[in-house]
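Step one of this worksheet: look at the structure below.
Because the structure is a prediction, the values reported are computed rather than measured. Quick note: numbers below take in every heavy atom, side chains included, and nothing from hydrogens, waters or symmetry partners. Here, residue 1 is the first one in the sequence, and each next residue gets the next number.
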Amino acid sequence: MLSEHIRAQVKGTAPILQAHGEALTRHFYARMFRENPELLQVFNQGHQQGGRQQQALAGALAAYAVHIDDPAVLGPVIERVTHKHVSLGIRPEHYAIVGKHLLASIGEVLGDAASEDLIAAWAAAYTQLADALIAQEAALYARAASQPGGWTGWRGFRIVGKVPESSEITSFYLAPADGGAVPDFKPGQYVSVRVHVPALGMMQPRQYSLSDAAGQGRLRISVKRERGAAGSPDGMVSGVLHAQFDEGDVLDVAPPQGDFFLDESKASPVVLISGGVGITPMLAMAKTLAARGSARTVHFVHACRDAAAHAMREEVDALVARDPAMRKWIHYETVGAADREGVHYDRAGRIDLAALKDDVLLPDADYYLCGPLPFMQAQHASLLALGVPPARIHAEVFGTGGTGL
């Protein structure tokens, strides 16, 4: 337990971190990568270049300072971080490296404002946080290794199928190259995949949701080829996967992780709301319920740009056709001349939950959301406005940091 003096010192830096945290984290990452370049291939360099990693760390540091008296408030964030760390192979020795450069950066960026007493306080606070993360991650590593077919670190998986799903999404079917078993996983979880990115000259990891039910003897990820917006680069790893990996090739894969998953212990109705490639964990959830013969009512609400970008249409249609308890609402933002309402899509325009509430919303349902951040924020706000309790809304956002909801 940290002393009152240490907590007061750390809490006193919260306003500085809230105002200038990104300057600190930019300095921290530059310092760490300069002195420990081996860590470059552990961190997402796309997020580094775009500033997202720096923003996420700055927010995390400020939140930790604000809640230093009761860090349990940050429990959901810590849970998400530990799963991400295990999927990337973060080990206890990495915490010493990060701590060294973080404390040095506080001193170098804050200058005279960083007294020896303040640095000592942050050292104690960081040690407490690191110990908590290491303990939780040790449990996740043990669980990943001890289950049938389990492992930790990276394992070779051969691509046994590569199937285009839309104009921008391709599915990769992966089987262990060693011929061994595939572990079970919870619908909604992801795996990390690591490939060499020629443009960077190094390995890079990315997380991709598992898009099928467990128990298939292989894994499936469905990868969107990311195209950069104005002034932003294209996705480095997704581009390599689409262009350079084919059936027979081997990928490095980490064991399934993630704190966003379907709660299979419940009998409540399920409403799955997704946008774009956010359909992938939702499909895993829907297919798992179907495979289990579940009697739970499932409402599948999905939005995509247009017919060309609509992935997995046939799979969802087949699920709905087989299961009378499952219904779907597919939204096309742009409807083409050949698109038939009720066949290719069900609604034109973006999802409007207020307009759909009488059909889609269900008493005591659990709502699972996944998609781009603006989409997520809109759906989350709509559900709250419609009276859905926050505890029944479960969200996953692709990218660095928390949900931002």
Side-chain angles (χ1 to χ4, degrees), residues 1-40 42-82 84-85 88 90-137 373 399-405:
M1 180 67 179
L2 298 175
S3 70
E4 183 176 349
H5 173 73
I6 289 175
R7 298 198 307 274
Q9 285 280 84
V10 172
K11 190 184 297 184
T13 63
I16 298 173
L17 292 172
Q18 290 167 337
H20 307 290
E22 284 188 51
L24 171 63
T25 56
R26 282 196 300 271
H27 182 91
F28 157 74
Y29 280 117
R31 188 184 206 280
M32 183 173 68
F33 291 146
R34 183 176 62 251
E35 296 194 18
N36 293 90
E38 71 277 8
L39 295 182
L40 282 165
V42 176
F43 289 82
N44 184 325
Q45 293 306 306
H47 289 167
Q48 286 289 323
Q49 294 174 10
R52 294 170 64 185
Q53 190 79 54
Q54 295 89 332
Q55 294 167 6
L57 179 58
L61 290 173
Y64 185 53
V66 168
H67 297 290
I68 191 69
D69 288 329
D70 184 18
V73 172
L74 301 176
V77 175
I78 289 175
E79 179 77 5
R80 179 159 295 190
V81 168
T82 55
K84 182 67 72 69
H85 282 182
L88 294 172
I90 300 297
R91 301 287 179 172
E93 58 267 26
H94 292 126
Y95 283 92
I97 298 172
V98 169
K100 168 189 170 183
H101 294 297
L102 179 61
L103 295 175
S105 296
I106 291 173
E108 292 161 1
V109 172
L110 298 187
D112 294 340
S115 64
E116 290 186 7
D117 196 29
L118 178 64
I119 297 297
W122 260 106
Y126 175 79
T127 298
Q128 175 179 268
L129 178 60
D131 288 346
L133 290 169
I134 289 169
Q136 289 196 34
E137 288 160 17
L373 183 55
T400 295
T403 65
L405 302 179

Counterpart residues, ring pair (Phe, Tyr, Trp, His ring centres under 6.0 Å), relative to Phe43 (two or more places apart):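 Counting only residues at least two positions away or on another chain, Phe43 forms a ring pair (Phe, Tyr, Trp, His ring centres under 6.0 Å) with Tyr29, Phe33.
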
Could you point out which residue of Ile106, Leu57, Leu110 forms a side-chain contact (heavy atoms from CB on, under 4.5 Å) with Leu24?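 Testing Leu24 for a side-chain contact (heavy atoms from CB on, under 4.5 Å) against Ile106, Leu57, Leu110 leaves exactly one candidate, Ile106.
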
Contact summary for [X] and [Y], nearest pair of heavy atoms:
| X | Y | result |
| --- | --- | --- |
| Arg26 | Gln54 | CG-CG, 3.7 Å |
| Tyr64 | Pro71 | CE1-CB, 4.3 Å |
| Ala125 | Ile68 | CB-CD1, 4.2 Å |
| Leu118 | Ala114 | CD2-CA, 3.9 Å |
| Ala124 | Ile6 | CB-CD1, 3.8 Å |

Does Gln53 reach the side chain of Gln45, with side-chain heavy atoms less than 4.5 Å apart?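 Sidechains of Gln45 and Gln53: no contact.
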
Is Glu137 close to Arg91 at the side-chain level, that is, under 4.5 Å between some pair of heavy atoms?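 Result no, sub-4.5 Å side-chain heavy-atom pair not found.
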
Take atom CD in Glu93; do more than 12 heavy atoms of anything else shown fall under 6.0 Å from it?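 Yes, enclosed.
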
Report the residues that fulfil side-chain contact (heavy atoms from CB on, under 4.5 Å) with Leu88, sequence neighbours left out, ordered by chain and then residue number.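 Applying side-chain contact (heavy atoms from CB on, under 4.5 Å) to Leu88 gives Lys84, Ile90, Ser192, Pro205, Gln207.
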
Salt bridge (Lys or Arg N to Asp or Glu O under 4.0 Å) partners of Asp69, counting only residues at least two apart: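 Only Arg7, Lys11 meet the salt bridge (Lys or Arg N to Asp or Glu O under 4.0 Å) criterion with Asp69.
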
Output the distance between atom [atom1] ([X]) and atom [atom2] ([Y]), rounded to the nearest 0.5 Å.
| X | Y | atom1 | atom2 | result |
| --- | --- | --- | --- | --- |
| Leu129 | Ile134 | CG | CD1 | 9.5 Å |
| Ser105 | Met32 | OG | CE | 9.0 Å |
| Asn44 | Gln49 | CG | CD | 9.0 Å |

Is a side-chain N or O of Tyr95 found less than 3.5 angstrom from the main chain of Tyr126, in a donor-acceptor match?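 Looks like no, no N/O pair under 3.5 Å.
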
Residue pairs, two or more places apart or on separate chains, that pass salt bridge (Lys or Arg N to Asp or Glu O under 4.0 Å) and touch residues 96-121: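 Checked against salt bridge (Lys or Arg N to Asp or Glu O under 4.0 Å) - neighbours excluded - the pairs reaching residues 96-121 are Arg31-Glu108, Glu35-Lys100.
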
Check: residues 13-22 side-chain donor-acceptor pairs under 3.5 Å, at least two apart:
residue	atom	partner	partner atom	Å
Thr13	OG1	Val10	O	2.6
Thr13	OG1	Trp122	NE1	3.2

With sequence neighbours excluded, residues passing side chain to side chain donor-acceptor pair (under 3.5 Å) with Glu38: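 Expected list: Asn36.
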
